[in-house]
Amino acid sequence: MNRRRTINKEEAVTVFTCILLGFLVVCAIAASLSRKLLNTVLIFMSYSLIMSIIWVLLESPDLAVTEAAVGAGVTTVLFFVTLKKINAIMKKESLEETDEQEGA
Amino acid sequence: MSRKVPEEEYQKTVSCRLKRWLEGAEDPFAEGMEMGRQEPVTESPEAKERREEDEKQLRQRVYDLENNVEIRIFRRFYRVFSVGFCIFLVVMLLAAVSDLPVFGHPENPVNNQVAERYIENGLQETGAVNIVTGMILDYRAFDTLGESHVLFAAACTVLILLRTDKKKEQAEDEDNDRRYEPKNDVILQTVARVLVPPIFIFGIYIILAGHLGPGGGFSGGAVIGAGLILYLNAFGFARTEKFFTAKTFRRVSFCALACYSLAKSYSFYTGANHIESIVPLGTPGAILSSGLILLLNICVGVVVAGTMYTFYAMFRKGNY
């Protein structure tokens, strides 16, 4: 009975890993196909997050912590700032304002 | 006896300019090297119309698919070639992956004497329960020293490239920075007030317990840096500048790197000459154990946290 339970747990972990790997592939493709740069950065962030869970499953928690902090945290924030610098992120109001200016 | 050179001639000599440069009275590269702000181009409406007409005609001529044979050939070739190149790349990578040894197999070339020695003698020789930290900061501490310096050099480069010094440009950058930013956002501030202390404590815990459990200087420093960025976003530069400026970053990073270098050269010296190190390894599992690793972790963490924050501040408005 006990043995059977451990096998089930291993199988569950394998299935979970496969799902995560599938997410990883989907994220990678979606990030490259997405039209909006902001969405690309967000997908990239979720990619990092999933990757950090995979690191935990691969028994390297050191890397998982670093991936979560650097990949999902700091890199994403730097991307956001860069997008703001090149005016890729705009509020709706400011967009309307520019439209009005152009119309006038 | 030296003849006294007239003052005007002396002003032109290299030594005088060097002296003035060292004193900070004159910058010989001013206005020669730096790239100034670009002025907006002004042109008359007729010139603009003519230019646009020219560009339109040029575009029409270049993309005239009926008559331009070269571009048709190129387009077809481009499509075929890009698809072929993608397939080639995918096949190559898949072949390389299938050629790799099986994941986690004990017979893999990764599991050689080096890894064996790390695993068997790591605890005994470094005193760190976490073998990874023992490897990074003891056996391969020289690599980590180089990494910290690379980070510091990168931060300095960002400072050089993105820093704005003139008051007018600073005000302009400040204005640009705040244009789409809500000031004193209540949700963000409340969340930051709740979240920032635990983030800092978690980062400090990761750094200090790096030799006992998962973590270490780099990850802990990154967590603290992320906390600093959150605090900055919520409360603005005025609040963070009370305790963290570019000067603080430079001084603290310099001290941390110097401390790392000194500690590691001491252990390299004693290790290479078979001298008994006076730093005790302590009992494995205790917080004050594993020799210098705790100190090195703190140094790396300080450098990384400062670097992350500096990157963010520099990217945002070129000055802090």
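Letters go in sequence order (proteins before strands), and every chain restarts at 1.
- For the side-chain hydrogen bond (donor to acceptor under 3.5 Å, both in side chains) test, residues two or more places apart in sequence or in another chain that qualify with B:Arg140 are B:Tyr118.
- Considering only heavy atoms from C-beta on, B:Ile207 comes within 4.5 Å of B:Ile224 through its side chain.
- The six-membered or imidazole ring of B:Tyr309 lies near that of B:Phe244, with a centre-to-centre distance under 6.0 Å.
- Residue-environment remark: CD (A:Glu59) stays at or below the threshold of 12 foreign heavy atoms within 6.0 Å.
- Contact detail for B:Ala95 and B:Ser98: the closest heavy-atom pair is O-OG, 2.8 Å.
- Checking side-chain atoms of B:Asn130 against main-chain N and O of B:His211 turns up no donor-acceptor pair under 3.5 Å.
- Proximity to chain B among residues 65-74 of chain A is limited to A:Val65, A:Thr66, A:Ala69, A:Val70, A:Val74, judged by heavy-atom separations below 4.5 angstrom.
- No more than 12 heavy atoms of other residues, nucleotides or ligands shown are found within 6.0 angstrom of CD1 on B:Ile187.
- The side chain to side chain contact (heavy atoms under 4.5 Å, CB included) check on B:Pro197 picks up nothing, with sequence neighbours excluded.
- For residues 20-58 of chain A, a heavy-atom distance under 4.5 Å to chain B picks out A:Leu58, given by residue number.
- Of the possible donor and acceptor atoms, none in the side chain of B:Thr307 sits under 3.5 Å from a partner among the backbone N and O of B:Ala155.
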*asked:* Assess the residue pair B:Phe235 and B:Arg193 against the criterion (side chain to side chain contact (heavy atoms under 4.5 Å, CB included)); give the C-alpha distance rounded to whole Å, side-chain angles, the decisive distance to 0.1 Å, and a yes or no.
replied: CA-CA 10 Å; B:Phe235 300 107; B:Arg193 218 169 268 139; 3.7 Å; yes
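- Chosen from B:Gly216, B:Pro214, B:Gly220, the residue pairing most often with chain A at heavy-atom distances under 4.5 Å is B:Pro214.
- Contact annotation: the side chain of B:Leu151 approaches that of B:Phe218 to within less than 4.5 Å [non-hydrogen atoms, C-beta and beyond].
- Proximity to chain A (any heavy atom under 4.5 Å) is shown, for B:Leu230, by neither the backbone nor the side chain.
- Heavy atoms closer than 4.5 Å to chain A are found in the side chain of B:Val132, but not in its backbone.
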